[in-house]
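Sequence lines set the chain letters: A, B, ... in the order given, protein chains first and strands last, and positions in each chain run from 1. A quick note: this is a predicted structure, and the numbers were derived from the prediction, not measured.
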Amino acid sequence: MSEPGLSARGLRVEFGLPGGRTARAVDSVNIRVAPGEVVALAGESGCGKTTLARALLGLERPTAGAISYDGTPLRYSTRALKAYRRSVQLVLQDPTGALNPRHTVYDAVAEGLRIHRIADNESDRVATALSHAGLRPAEKFFLAYPHELSGGQRQRVVIAGALVLDPKIIIADEPVASLDASVRGEILALLLRLRDEFGLGALVVTHDLGLAWSIADRIAVMYLGRIVEQGPAEQVLTDPQHPYTRALVSVLPDSPVPGPIVLSGEPPDATSIPAGCRFHPRCQVLASGAAEAAGVADQCRATPLPVLADDVGAGVSGDDPTRQVACHYAAAATRSEA
Amino acid sequence: MASDPSLLAGPSPDGPASGGLSGEKTAGGSGFGRYLRGRLTGSVASLVLVYLSSFFIFRVLGGDPLQAIAKDRRMTPEERAALREQLGLDQPLLAQFGKYTADVFSGNFGTSYQYRRPVMELVLERLSATVLLTGTALVLSVAVGLWVGARAGWRHGSRLDRAHVGVSLTLWSAPTFWLGMIVIMIFARQFGLFPVGGMVSHNVGPGLLAETLDVAHHLVLPAITMTAVIYAQYVLVMRSSILDEIGHDYLTTARAKGLRDDLVRRRHAIPNALLPTVTLVFLQLGGVISGAIVTETIFSWPGLGRMVFESIGFRDFPVLQTTFVLFSAAVIVANMCADIAYWFLDPRVRKA
Ligand SMILES: Nc1ncnc2c1ncn2[C@@H]1O[C@H](COP(=O)(O)OP(=O)(O)OP(=O)(O)O)[C@@H](O)[C@H]1O
Ligand code: SF4
Ligand SMILES: [Mg+2]
């Protein structure tokens, strides 16, 4: 197993739109989630986070690129997908919608077992999953319906439904965005505990860098279908280098970046990705003339940037994780430092 | 047409949609008893209203029944007066109502002006024919309609979906009368495959099997016509409730756990989409009854619907009143059944 965990290479997802246009929601992404690490995928609305997450789960078939799990490429036959889904599980944003309103908690959690025909000790397994998700005593919740639970409890049921299959990786799409602020911390703490106790890996999709800061080992920042900066969470957040990341960080409380930096220009459109650096129409570094001064302005407008390679957390591989940035200006600055 | 009782009876004031949310859970666990009592009260109130209107509406809307009775015969003014007295039509309205009520409670629904026989007898004679026809058409249209609707909705936008919607809308908008005529012209007159009308042949051999087959043979065309007419609404409602479910995340959750697409549809989407459809199946009984009236008339099917149709022309108040009450009661009871079914189907109603 050269590559434990989940990884995607050159992943591209396009949607055909009426009128013959194509939305390139995910445009060449390399990403990797190893067991025992939490990776945050951050970026503004519409940048392709959900599409990437769905593709990683095999729910969306990529236009190009490949997904592999423990080094084995994912195939899209019904059987291969089913096997894959024992290892990689999904937690959605809105637990109210993610649970069938007419199924009891027990049915919701046991569903995975039934799909995969795991018949032994069903109720023990359900009880264990529920208590791992923080619903104790588990039996008390068996016959409850989703509408009888609070939002936080519902999300715990969703998480229990994922845990019951003993997955290695969980993909959580904005797992706390629809919850009250008071229970957000609890659910995030739960994800961290699952990582520490069971070595679970997680990809947590969020548009909130502050949240990423509190749980992630690594952060990948996505802009218009591409990852523009990634690295250890601490490094990315205390010393962001991509102008887009800097803008996002600048609005956090106690930000290391003087700010706030407000991005100008139109929100990105997945049907027409700008040439050169895809961020250049909105880039504050280019607009302020700093890129011009560094002599990279023409590259910004015309030279495409390389796709960032993926990267595994130090906790697993023992390598020194490196931070990567897709920006001509940042690259020039690094060169001049060296 | 005054003979569509659902227009007058209407749905119960708090149907499942709103009633479910107000249902309270009692400490003693008698939630269902309480829920049922609430629904029963509403139904009884509706029945009383129907009963009151059944008497007055026909007096107000109807013309003089004597004219109808007398239209084929010469009658002297004396004969008219005698008949008027015999039928109780010389009494003041209120007195007529009092007598009507007293009779109803003693099981006497009056005598038909037209057939000159007790209405209850006429109704009982024709009830089974109507139940046979509408029952067959209902079962067929519900079963086929829901099945087709679920498939069409699941693959919405596909060629199959568009074809089904097109056919449903065409059938939906075609007048029953016209549809029945076409069916008779093609299958009965042109090809002679089925009888033109009626329920039994005169020259049928003895034996239960032969008689049953004969009735079934007569049943085919009217049942198909009626199915075609009421089928569309089940297709369209099931389709749109499936469309409502399709956007829901719990389908994604199930898929992400490894459930096959057709099982996602069968285990999750269809059961949940059936919920709003169940109400419709019960509530549409009014529409079904009016469909039965027209269908029975076209195919000379000896049921209640045809009797109603004939009684309208004749201003046969006792028959119209009784069938009106009967049909309305059926709709009200169906409505209550929908509420009760909801209690068992939707946990949100049970434990609000
Ligand atoms: N099924 C689809 N058909 C067509 N376009 C789609 C589809 N799904 C997503 N897109 C487009 O792909 C782009 C990325 O969408 P996506 O939902 O992945 O963004 P996101 O980062 O998850 O946004 P948010 O934070 O709002 O959830 C958007 O431009 C969206 O319009
Ligand atoms: S490459 Fe140029 S335009 Fe793109 S982010 Fe860097 S400085 Fe801005
Ligand atoms: Mg999203």
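Highest contact tally toward chain B, considering only A/Ile171, A/Thr104, A/Ile115, is held by A/Ile115 [criterion: heavy-atom pairs under 4.5 Å]. Options A/Gly112, A/Gly161, A/Gly58 differ in how many heavy-atom pairs under 4.5 Å they form with chain B, and the most are formed by A/Gly161.
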Please tabulate, for the side chains in residues 158-167 of chain B, all donor-acceptor contacts under 3.5 angstrom to protein atoms that are two or more places apart in sequence or on a different chain.
from	atom 1	to	atom 2	distance (Å)
B/Ser158	OG	B/Arg155	O	2.7
B/Ser158	OG	B/Asp161	N	3.2
B/Asp161	OD1	B/Arg239	NE	2.6
B/Asp161	OD2	B/Gly157	N	2.7
B/Asp161	OD2	B/Arg239	NH2	2.9
B/Arg162	NH1	B/Gly157	O	2.9

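Shown here is A/Arg75, whose CZ atom has no more than 12 heavy atoms of other residues, nucleotides or ligands within 6.0 Å. The number of heavy atoms from other shown groups lying within 6.0 Å of CZ (A/Arg21) does not exceed 12.
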Can you list the steps and then say if B/Asp249 with A/Gln93 is a side-chain contact (heavy atoms from CB on, under 4.5 Å)?
-> CA-CA 9 Å; B/Asp249 280 346; A/Gln93 166 175 352; 5.8 Å; no

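Applying the ring-ring contact (aromatic ring centres under 6.0 Å, His included) definition to pairs two or more places apart or across chains, none involves residues 74-95 of chain A.
Among the candidates A/Val158, A/Asn100, A/Leu92, the single residue satisfying the side-chain contact (heavy atoms from CB on, under 4.5 Å) test with B/Tyr250 is A/Asn100.
Of the two parts of A/Ala83, neither the backbone nor the side chain holds a non-hydrogen atom closer than 4.5 Å to a non-hydrogen atom of chain B. Only the side chain of A/Arg54 comes within contact range of chain B, judged by heavy atoms closer than 4.5 Å.
At a heavy-atom separation below 4.5 angstrom, chain B is approached by no residue within residues 117-126 of chain A. Residues of residues 253-270 of chain B lying under 4.5 angstrom from chain A, judged on non-hydrogen atoms, are B/Thr253, B/Ala254, B/Arg255, B/Ala256, B/Lys257, B/Gly258, B/Leu259, B/Arg260, B/Arg267, B/His268 in numerical order.
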